[in-house]
There are 2 protein chains.
Amino acid sequence: MYEKKIPKDFSCGISITLEIMGGKWKPCLIDSINKGMHRPSELAKHHPNASKRVLSLQLKELEAYGVIRKVIHPVLPPKVEYFLTEVGESLLPLVDMMENWGSEFMSEFNNRQENIHVGVTKM
Amino acid sequence: MYEKKIPKDFSCGISITLEIMGGKWKPCLIDSINKGMHRPSELAKHHPNASKRVLSLQLKELEAYGVIRKVIHPVLPPKVEYFLTEVGESLLPLVDMMENWGSEFMSEFNNRQENIHVGVTKM
DNA sequence: CAGTATAGGGACAATATTTTCACTATTGTA
DNA sequence: TACAATAGTGAAAATATTGTCCCTATACTG
């Protein structure tokens with residue numbers, strides 16, 4: 001395993017949340033699992049920009065922190081499903097807020113760009 | 001400047017929020033500025049684990065995204081102050097939620113550790 | 001004069017994260 | 001037989017982020 005050398009800073013709640021949610025795809029994964037995508041292949045198809053490897057790693061981390069629960073069906077070809085735990089569900093408001101804020105910011109941002117192109121400047 | 005080679009993924013709002021808030025200290029900085037710490041030296045003293053360099057970089061990024069506003073007082077020795085913009089203030093609920101969730105998770109986590117030490121296991 | 005405080009940047013080193021690619025193994029399908 | 005789908009890992013490379021150290025400049029203090 002990879003051993004970290006820079007000590008983590010857990011002085012404030014924000015750092016903790018960032019430790020658990022900070023990965024590039026973790027909030028997206030929580031969101032997707034909540035929306036019904038449980039199998040790794042589904043998640044991978046829904047996030048084509050994410051490498052399979054990272055998704056796998058981040059799922060493992062989320063599981064290690066008790067955010068999701070892994071169910072291995074003993075069949076072949078393999079079938080695995082991930083579900084949110086209570087801890088994971090308690091993160092949903094945060095994930096939703098991230099999604100909403102980002103969407104609003106994006107549309108605001110696009111509006112600004114349009115206005116600049118048309119030569120209009122807001123006061 | 002540093003040029004990124006992996007294209008950003010802005011397909012969902014979450015990625016956008018992460019792009020703006022994802023830095024190691026950005027949410028902490030927003031929180032601190034909101035709580036009245038406006039000068040870089042104050043912020044640095046309040047986050048001794050963060051290197052001066054990174055704080056400076058992340059402040060610059062927050063400014064570039066319009067989350068904070070920089071006020072340079074033309075005096076010597078230099079005096080600079082950062083303030084939240086409207087965009088920055090719109091992030092406060094998110095920052096608060098991160099702080100609260102992390103704090104709760106941490107105390108839950110500590111409780112569990114204690115219980116394990118005492119030999120008690122919750123069902 | 002020497003040191004401190006102020007805000008910040010450049011150069012570079014150290015560390016962390018992500019990507020790529022090749023592999024494991026089994027079953028079903030063309 | 002050859003290949004896809006399934007879930008996942010190892011090794012190594014590529015990229016990103018953060019840390020360390022030294023430098024700029026000015027005014028004040030001792």
Side-chain angles (χ1 to χ4, degrees), chain A residues 1-9 14-15 18-29 32-33 37-65 68-83, chain B residues 1-9 14-15 18-29 32-33 37-65 68-83:
Chain A
M1 252 241 181
Y2 186 79
E3 191 183 342
K4 307 210 169 142
K5 308 219 173 148
I6 296 179
K8 301 276 173 182
D9 173 47
I14 292 175
S15 311
L18 235 36
E19 163 74 14
I20 293 170
M21 294 266 291
K24 190 170 180 179
W25 299 97
K26 285 183 198 164
C28 296
L29 285 172
S32 297
I33 292 174
M37 285 161 266
H38 298 292
R39 302 186 61 180
S41 53
E42 289 177 295
L43 293 166
K45 273 168 205 152
H46 212 256
H47 297 290
N49 294 330
S51 71
K52 198 183 61 159
R53 184 98 165 79
V54 173
L55 290 184
S56 184
L57 286 176
Q58 307 217 339
L59 285 168
K60 209 199 289 190
E61 286 183 37
L62 288 173
E63 193 200 356
Y65 277 124
I68 61 178
R69 179 171 46 90
K70 180 179 186 174
V71 176
I72 304 176
H73 300 275
V75 296
L76 274 168
K79 175 171 179 180
V80 167
E81 287 182 301
Y82 292 99
F83 297 94
Chain B
M1 254 242 178
Y2 186 79
E3 189 184 342
K4 307 211 169 141
K5 309 217 173 149
I6 297 180
K8 301 277 175 183
D9 173 46
I14 293 175
S15 311
L18 235 37
E19 162 73 14
I20 294 170
M21 294 266 292
K24 189 169 181 181
W25 300 97
K26 284 184 198 162
C28 297
L29 286 171
S32 297
I33 292 174
M37 284 161 265
H38 299 293
R39 301 186 63 181
S41 53
E42 289 177 295
L43 293 167
K45 274 168 204 151
H46 212 257
H47 298 290
N49 295 330
S51 70
K52 199 183 60 157
R53 184 98 166 80
V54 174
L55 289 184
S56 185
L57 287 176
Q58 306 217 340
L59 285 168
K60 210 200 288 191
E61 286 183 37
L62 288 173
E63 193 200 357
Y65 277 124
I68 61 178
R69 180 170 45 90
K70 181 179 187 175
V71 176
I72 304 176
H73 300 275
V75 296
L76 274 166
K79 174 171 180 179
V80 167
E81 286 182 301
Y82 292 99
F83 298 94

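Chain letters run A, B, ... following the sequence lines, proteins first, then strands; residues in each count from 1. These numbers come from a predicted model, not from an experiment. We use all heavy atoms of the structure for the numbers below, so side chains are in, but hydrogens, waters and symmetry mates are not.
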Should A:Ile68 and A:Phe83 be marked as a side chain to side chain contact (heavy atoms under 4.5 Å, CB included) after you check the CA-CA gap, both sets of side-chain angles, and the distance that decides it?
CA-CA 5 Å; A:Ile68 61 178; A:Phe83 297 94; over 6 Å; no

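Note on B:Glu42: nothing from the nucleic acid sits closer than 4.0 angstrom, heavy atoms only. Residue A:Lys26 is out of contact with every strand shown, counting any heavy-atom pair closer than 4.0 Å. Within 4.0 Å of A:Glu61, counting heavy atoms only, lies no atom of the nucleic acid at all. Residue B:Val80 is in sugar-phosphate contact alone, with no base atom involved, counting any heavy-atom pair closer than 4.0 Å across all strands shown.
The base of D:dG8 sits with one of its N or O atoms less than 3.5 Å from a complementary donor or acceptor on the side chain of A:Lys52.
Going from atom CG of A:Leu59 over to atom P of C:dT17 covers 16 Å, rounded to whole Å. Here D:dG19 presents its C1' atom at 11 Å from CG of B:Leu57, a figure rounded to the nearest Å. Here the P atom of nucleotide D:dT18 and the CG atom of B:Asn49 are 14 Å apart, to the nearest Å. Atom P of nucleotide D:dG19 and atom CG of B:Leu55 are separated by 9 Å, given to the nearest angstrom. Look at CH2 on B:Trp25: it is 16 Å from P on D:dT17, rounded to the nearest Å. Rounded to an integer number of Å, the gap from NE2 of B:His73 to P of C:dA7 is 10 Å. In this entry the distance linking CG of B:Leu18 with P of D:dT17 reads 11 Å, nearest Å. Between A:Arg53 atom CZ and D:dA12 atom P the separation is 13 Å, expressed in whole Å.
The shortest non-hydrogen separation linking A:Gly23 to B:Leu18 is O-CD2, 3.7 Å.
For B:Gln58 and D:dT18, the shortest distance from a side-chain N or O to OP1 or OP2 is below 4.0 Å. Taking 4.0 angstrom as the limit, B:Ser41 places none of its side-chain polar atoms (N or O) nearer than this to OP1 or OP2 of C:dA5.
When each of D:dG8, D:dT18, C:dA7 is scored by its nearest atom to the side-chain atoms of A:Lys70, the top-ranked nucleotide is D:dG8. Side chain of A:Leu76, nearest nucleotide from D:dA7, D:dT18, C:dT26: C:dT26. Counting only heavy atoms from C-beta on, B:Lys45 has its side chain closest to C:dT6 among D:dT18, C:dT26, C:dT6. In this structure, of D:dA5, C:dA5, C:dT18, it is C:dA5 that holds the atom nearest to the side chain of B:Pro77. For A:Pro40, whose side chain is taken as the heavy atoms from C-beta onward, the closest listed nucleotide among D:dA7, C:dA7, C:dA5 is D:dA7. The listed nucleotides are D:dG8, C:dA7, C:dA5; the one nearest the side chain of A:Tyr82 is D:dG8.
Enclosure of atom NE2 in B:His46 is not indicated, since only 12 or fewer non-hydrogen atoms of other residues, nucleotides or ligands lie within 6.0 angstrom.
Taking the nucleotide of DNA chain C with the nearest heavy atom to each of A:Gly23 and A:Pro78, the more 5' of the two is matched to A:Gly23.
Between B:Arg69 and B:Glu63 there is no salt bridge, since no side-chain N of the basic residue sits under 4.0 Å from a carboxylate O of the acidic one.
Looking at B:Ser32, its side chain does come within 3.5 Å of a backbone N or O of B:Cys28 through a donor-acceptor pair. Between the side chain of B:Gln58 and the main chain of B:Trp25, a donor-acceptor pair closer than 3.5 Å is present.
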